[in-house]
Protein chains: 2
Amino acid sequence: MTVLPLEEMTEERVLLSDRIRNVLTDEIASGALPAGTALDEQQLADRFSASRTPVREALRQLSVSGLVEMRPRRGVIVTRMTPERIMEMFEAMAEIEALCVRFATYRMTPLERSHLMELHRSSEAMVLAGDIDAYDSFNREFHVGIYRATHNNFLVDQAIGIRLRLNAFRRTQLHQGDRLERSREEHDAVMRAIAQGDGDKAARRMRAHMLNAASALGRYIELHQSRDGTY
Amino acid sequence: MTVLPLEEMTEERVLLSDRIRNVLTDEIASGALPAGTALDEQQLADRFSASRTPVREALRQLSVSGLVEMRPRRGVIVTRMTPERIMEMFEAMAEIEALCVRFATYRMTPLERSHLMELHRSSEAMVLAGDIDAYDSFNREFHVGIYRATHNNFLVDQAIGIRLRLNAFRRTQLHQGDRLERSREEHDAVMRAIAQGDGDKAARRMRAHMLNAASALGRYIELHQSRDGTY
DNA sequence: ATAAGCAAGTGTGTATGCACATTGCGCCGA
DNA sequence: TCGGCGCAATGTGCATACACACTTGCTTAT
């Protein structure tokens with residue numbers, strides 16, 4: 001193997017269009033680009049100091065994963081989701097999560113189990129500190145850890161994909177009242193079922209956990225909903 | 001995966017890149033473009049009498065749905081799947097199908113139920129005639145009908161997306177021995193459970209149905225496997 | 001003989017230009 | 001005042017051009 005010149009080590013050697021896609025993905029998932037935002041190709045090209053070509057390719061990819069909506073010759077907008085659609089996604093996500101934790105319970109290695117328990121333990125401090133950012137980040141790791149423990153890489157990819165699309169909404173619901181404490185309690189219940197090796201129980205509790213998060217979000221939407229049915 | 005607008009099906013005023021994507025999707029799913037095939041941009045452009053631009057945009061979209069693999073500056077190939085990966089997909093598909101039929105059992109309207117039963121009934125003639133093409137087409141309708149009966153459009157899109165990616169493999173296993181008859185018998189068992197309103201039973205039977213299909217495919221792969229682990 | 005190095009060729013990645021569909025606005029007529 | 005028509009502006013869709021990364025085959029040196 002040859003030693004790379006310094007510049008190649010520091011410089012991002014990935015495709016420009018992929019970098020743009022990743023940035024846009026993050027911004028949509030984080031809510032920095034709210035639903036309904038029009039994405040002007042030239043404007044984005046200027047922003048990334050690129051031409052429209054890689055921007056277009058990034059937008060094409062985002063449209064497949066459903067983060068943006070392309071209306072032929074009428075431009076691209078960040079997908080505007082109705083409360084119904086969001087609830088459908090949460091419902092599906094709840095089932096996928098339940099499925100994952102059931103598989104994970106039966107298939108995870110002792111190492112994976114201890115890693116997950118350690119992760120779970122570490123979340124207590126975040127709840128006490130009320131650190132939503134830290135908890136949000138932990139939460140992602142926790143759930144992805146469960147996906148991986150299914151030892152089914154395809155399932156992992158699917159679950160991560162859906163989770164990504166719900167990111168923008170998931171995070172908001174953590175602001176609801178005592179949702180942080182409740183979330184951790186529910187994680188705890190799931191972990192106890194895993195420890196008992198009861199995959200079905202873990203699955204039921206995970207489903208409940210996700211549906212609780214959904215209904216917390218539902219209350220949030222009720223409160224903040226705007227006239228056009230989006231928020 | 002996003003649902004295509006209706007106009008794309010009939011009208012010609014569709015995006016060139018979308019038409020190219022659809023054609024390539026079909027050809028990959030049908031096996032006309034076998035796994036590992038290199039997709040040369042200029043060559044495809046010539047074939048569709050277009051420039052490389054819409055071809056590239058189509059390929060970008062296919063890479064997101066996992067049908068092709070883009071290696072930066074090294075071209076695009078039809079995703080070469082290992083038997084392990086295929087089995088993982090079937091396992092996940094089996095669970096998604098089980099989930100869908102469980103939801104469908106509890107939520108389908110009488111109209112949907114009768115439509116599905118009529119569809120199922122019509123498959124008997126195809127089995128007797130040994131018409132694999134007709135059965136394959138019916139099979140798709142049958143399963144998609146179940147997805148739709150979940151009344152969760154997001155779930156429908158997800159399920160169709162996964163089913164699409166498994167198409168090329170699903171079809172081959174129908175050639176295995178008496179798989180056609182067995183498939184219909186399994187459908188029948190699922191339908192009976194639906195008629196009884198027993199969603200869990202329907203789910204278990206559907207899972208078994210999909211896993212049977214997977215193992216039929218597994219036998220097929222055993223027989224036809226090539227040296228590099230793909231087939 | 002094998003491996004390293006070099007050079008030409010192929011094909012991807014990005015930029016740019018142009019055509020036209022869509023939209024918004026203003027003008028005109030009822 | 002209101003609706004229809006048309007024109008201009010905006011921005012997408014596609015074509016084309018070019019630079020350079022990667023590959024391939026040959027040469028050369030050990």
Side-chain angles (χ1 to χ4, degrees), chain A residues 1-25 28 33 36-64 67-80 228, chain B residues 2 4-25 28 33 36-64 67-80 228:
Chain A
M1 164 151 185
T2 57
V3 178
L4 293 175
L6 182 62
E7 59 176 58
E8 294 191 7
M9 298 188 64
T10 55
E11 187 174 340
E12 282 294 323
R13 277 181 60 89
V14 296
L15 259 34
L16 188 51
S17 59
D18 283 351
R19 288 215 317 262
I20 295 173
R21 174 173 52 77
N22 288 334
V23 171
L24 291 179
T25 296
I28 293 171
L33 290 174
T37 307
L39 299 175
D40 183 277
E41 294 182 359
Q42 187 58 56
Q43 198 171 307
L44 290 172
D46 293 344
R47 190 186 139 195
F48 290 107
S49 305
S51 76
R52 281 176 50 224
T53 307
V55 171
R56 282 178 62 79
E57 292 180 349
L59 292 175
R60 280 299 194 295
Q61 298 187 62
L62 293 176
S63 83
V64 173
L67 287 174
V68 304
E69 200 175 323
M70 303 196 62
R71 300 153 312 163
R73 293 192 166 75
R74 294 176 53 202
V76 175
I77 61 170
V78 177
T79 300
R80 179 171 268 156
D228 63 354
Chain B
T2 55
L4 295 175
L6 180 63
E7 55 192 276
E8 292 192 10
M9 306 192 61
T10 57
E11 182 118 12
E12 192 199 328
R13 255 194 38 224
V14 64
L15 258 34
L16 189 49
S17 60
D18 282 352
R19 288 212 317 261
I20 295 173
R21 173 173 54 77
N22 288 334
V23 172
L24 291 179
T25 296
I28 293 171
L33 289 174
T37 307
L39 299 175
D40 183 277
E41 295 182 356
Q42 187 58 56
Q43 199 171 305
L44 290 172
D46 294 344
R47 191 186 138 196
F48 290 106
S49 306
S51 76
R52 281 177 50 223
T53 308
V55 171
R56 283 179 61 79
E57 291 177 350
L59 292 176
R60 275 307 210 282
Q61 298 186 60
L62 292 177
S63 82
V64 173
L67 288 174
V68 305
E69 199 176 322
M70 305 197 64
R71 301 155 309 166
R73 292 193 163 73
R74 293 178 54 202
V76 176
I77 61 170
V78 177
T79 301
R80 178 169 276 167
D228 63 353

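Every chain is numbered from 1 and lettered A, B, ... according to where its sequence line falls, protein lines coming before strand lines. It should be emphasised that the depicted structure is a prediction, and the values quoted were computed from it without experimental measurement.
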- Rounded interatomic separation in angstrom, taking CD from A:Glu57 and C1' from C:dA15: 12 Å
- Query: Any side-chain N or O of A:Arg74 less than 4.0 Å from the OP1 or OP2 oxygen of C:dA21?
  - Reply: no
- note: A:Ile77, atom CD1; D:dT12, atom P; distance rounded to Å ~ 13 Å
- Item | Sub-4.5 Å side-chain heavy-atom contact between B:Glu57 and B:Arg21 | no
- What one should report as the nearest heavy-atom pair of B:Leu59 and B:Val68 is O-CG2, 3.7 Å
- Message: What's the closest nucleotide to the side chain of A:Pro54 if the choices are C:dG13, C:dA15, D:dA15?
- Response: C:dA15
- Just how far, in rounded Å, is P of D:dG11 from CG of A:Asp46? 11 Å
- Query: What are the two closest heavy atoms between B:Val55 and B:Ile20, and how far apart are they?
  - Reply: CG2-CD1, 4.0 Å
- Look only at the side chain of B:Thr79 and the backbone of B:Leu67, and say whether a donor-acceptor pair between them is shorter than 3.5 Å. yes
- Message: What's the closest nucleotide to the side chain of A:Glu41 if the choices are C:dT14, D:dT12, D:dA15?
- Response: D:dT12
- Rounded to whole angstroms, how far apart are CE on A:Met70 and P on D:dG11? 15 Å
- Query: Quick one: does A:Thr53 reach the base of C:dT16 with a side-chain donor-acceptor pair under 3.5 Å?
  - Reply: yes
- Task: Between A:Leu39 and B:Ala50, name the one whose nearest nucleotide on DNA chain D is closer to the 5' end.
- Result: A:Leu39
- Query: D:dG11 phosphate, OP1 or OP2: any side-chain N/O from A:Arg73 under 4.0 angstrom?
  - Reply: no
- Has the side chain of B:Arg52 got a donor or acceptor that lies under 3.5 Å from a partner of the other kind on the base of C:dG11? no
- Item | A:Leu16 CG to C:dT16 P, straight-line distance once rounded to whole Å | 13 Å
- From the options D:dA15, D:dT12, C:dT14, select the nucleotide whose nearest atom is closest to the side chain of A:Asp40. D:dT12
- What integer distance in Å separates A:Gln42:CD from C:dG17:P? 11 Å
- Item | Salt bridge present between B:Arg80 and B:Glu69 (N-O < 4.0 angstrom) | no
- Integer-rounded Å distance: C:dG13 C1' and B:Arg71 CZ: 15 Å
- Task: Quickly work out the A:Leu44 CG to C:dT14 C1' distance and round it to whole Å.
- Result: 16 Å
